[in-house]
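Take a look at the structure below.
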Amino acid sequence: MTDLRALAANAGENDVVYEDPHLPGRQLTLRSARPRHYTPATPVLFVHHGVLRNGGDYRNFWLPLVDEANLLVIVPEFSSEYFPGSPWYNFGNRTNEHGEPKPRDEWTYGIDGRVFDLLRAQAITRRRSYGMWGHSAGGQFVHRAISLGFRYNVTAAVTANAGTYAMPDLSVPFPFGLGGTATDEDALRGLLFFRLTVMAGTHDIDNKAEHFPKDEAAMRQGDTRYARAHNYIATARSGAERLGIQCGWTIIDVPGVDHDGHRMSNAAAPILSAALHAGSF
């Protein structure tokens with residue numbers, strides 16, 4: 001069992017090397033930003049980096065924000081060495097190279113929850129729930145984790161500037177929809193009722209950029225990341241209406257911001273602070 005107490009040992013930045021018990025031999029670095037007035041009552045937020053696997057940068061984006069927000073931010077850094085490509089990160093390690101399903105415990109979507117359980121076991125937090133925020137590939141990670149049921153004890157979840165989405169549509173195969181997963185209409189109702197927030201930079205419209213997903217399935221979701229975010233919400237609202245339920249999802253446009261994890265972090269901090277401080281202790 002990894003000792004995580006160093007994550008909250010000092011105000012500011014702290015790092016701990018962590019190995020998930022269900023993924024032996026694959027190390028992550030947990031990078032924390034601890035507020036000056038941290039206590040075990042401080043809400044916990046997991047922040048997910050983008051395709052560059054630059055967890056240190058994302059921790060540094062949040063360092064000047066955590067005191068005012070009063071959040072303990074933890075960034076799990078998924079290195080390309082141990083978690084190569086989209087299959088191991090954005091798409092959650094659901095299947096092997098032959099497309100055959102792996103045991104659910106091996107999906108990387110479960111790591112946040114297991115780290116949180118360890119934080120509680122080691123008295124680093126007394127909170128009963130936590131938040132998730134991800135930008136770009138990290139936004140893909142967050143919303144797919146939530147979509148596949150990894151939302152137990154999650155008070156707030158925000159996906160920002162994701163390149164593609166698992167649309168809440170059972171007729172579209174995963175990872176671009178929820179087809180081929182265990183999701184049925186009852187699970188879809190639970191997902192659409194959950195309070196998922198989508199953040200979209202209004203200037204995130206560069207569809208020529210190196211890391212903008214351009215394959216056919218991605219392009220069917222929209223011509224830009226901004227358009228895809230709005231199509232994601234529209235699909236959710238349409239699905240909720242068909243099922244006769246209220247859609248709990250919200251979209252927030254961030255004016256003048258392009259594909260910028262730093263500026264999106266600045267916009268997200270007060271939203272997540274309010275949600276997590278209002279959530280269950």
Side-chain angles (χ1 to χ4, degrees), residues 4 7 12-20 23 26-34 44-66 69 71-93 107-116 119 130-146 150 154 156-166 175 197-201 204 206 209-213 225 229 254 257-269 271-272:
L4 300 183
L7 289 173
E13 60 184 77
N14 302 280
D15 294 334
V16 170
V17 175
Y18 170 78
E19 188 171 304
D20 188 88
L23 296 165
R26 297 182 183 274
Q27 293 182 345
L28 297 98
T29 302
L30 303 177
R31 304 191 185 277
S32 70
R34 201 211 84 176
V44 176
L45 173 67
F46 289 92
V47 165
H48 286 275
H49 57 68
V51 70
L52 299 181
R53 311 301 182 96
N54 51 339
D57 290 339
Y58 275 80
R59 187 263 308 283
N60 292 343
F61 296 161
W62 284 81
L63 271 175
L65 306 173
V66 294
L71 299 174
L72 174 61
V73 167
I74 299 173
V75 184
E77 185 173 275
F78 290 80
S79 72
S80 295
E81 177 183 1
Y82 293 120
F83 301 91
S86 295
W88 275 92
Y89 184 42
N90 319 22
F91 302 158
N93 190 41
W107 299 3
T108 50
Y109 298 139
I111 289 175
D112 286 11
R114 289 192 287 271
V115 171
F116 182 73
L119 293 172
Y130 60 93
M132 300 174 71
W133 181 84
H135 180 257
S136 193
Q140 293 188 45
F141 181 98
V142 167
H143 88 264
R144 287 190 176 97
I146 294 298
F150 291 88
V154 177
V158 182
T159 173
N161 287 351
T164 64
Y165 292 89
T197 300
V198 178
M199 296 181 69
D204 196 357
D206 182 1
E210 177 184 0
H211 297 297
F212 177 73
R225 288 187 181 89
V254 184
V257 176
D258 55 11
H259 201 63
D260 187 329
H262 192 175
R263 295 175 69 192
M264 292 299 279
S265 298
N266 292 342
I271 296 167
L272 282 156

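- Listed by first then second residue, pairs satisfying salt bridge (charged side-chain N to carboxylate O under 4.0 Å, His left out) with a partner in residues 74-92 read Arg31-Glu77, not counting sequence neighbours.
- Looking at every heavy atom in both residues, Pro213 comes nearest to Arg225 through CD-NH2, 4.3 Å.
- Here the side chains of Leu23 and Phe83 are in contact, with some heavy-atom distance below 4.5 Å.
- The minimum heavy-atom distance between Asn54 and Gly50, with the atom names listed, is OD1-N, 4.1 Å.
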Only distances under 3.5 Å count here; give the side-chain donor-acceptor pairs of residues 134-142 to other protein atoms, sequence neighbours excluded, each with its distance to 0.1 Å.
from, atom 1, to, atom 2, distance (Å)
His135, ND1, Tyr58, OH, 2.8
His135, NE2, Asn161, ND2, 3.2
Ser136, OG, His259, NE2, 2.8
Gln140, OE1, Asn90, ND2, 3.3
Gln140, OE1, Arg144, NH1, 2.7
Gln140, OE1, Thr164, OG1, 3.1

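- Proximity of His143 to Val198: side-chain heavy atoms (C-beta onward) are nowhere separated by under 4.5 Å.
- Taking CG of Leu272 as the start and OG1 of Thr197 as the end, the distance is 7.5 Å to the nearest 0.5 Å.
- Shown here are the side-chain contact (heavy atoms from CB on, under 4.5 Å) partners of Asp258, two or more places apart in sequence or in another chain: His203, Asp260.
- Smallest separation of non-hydrogen atoms from Ser265 and Leu65: O-CD1, 3.7 Å.
- Within the 4.5 Å cutoff, the side chain of Leu119 has no heavy atoms near those of the Tyr130 side chain.
- Side-chain contact check for Val75 versus Trp62: every heavy-atom pair is 4.5 Å or farther apart.
- Heavy atoms only, all atoms of each residue included: Ala33 and Val66 are closest at O-CG1, 3.8 Å.
- Taken from NE2 in His48 to CD1 in Ile74, the straight-line distance is 10.0 Å, to the nearest 0.5 Å.
- Residues satisfying the salt bridge (charged side-chain N to carboxylate O under 4.0 Å, His left out) test with Glu13, not counting sequence neighbours, are Arg59.
- One distance of note links CG of Asn93 with CZ of Arg26; it measures 7.0 Å at 0.5 Å rounding.
- With sequence neighbours excluded, the residues forming a ring-ring contact (aromatic ring centres under 6.0 Å, His included) with His262 are Phe61, listed by chain and number.
- Rounded to the nearest 0.5 Å, atoms OH (Tyr89) and CZ (Phe78) are 6.0 Å apart.
- Residues satisfying the ring-ring contact (aromatic ring centres under 6.0 Å, His included) test with Phe212, not counting sequence neighbours, are none.
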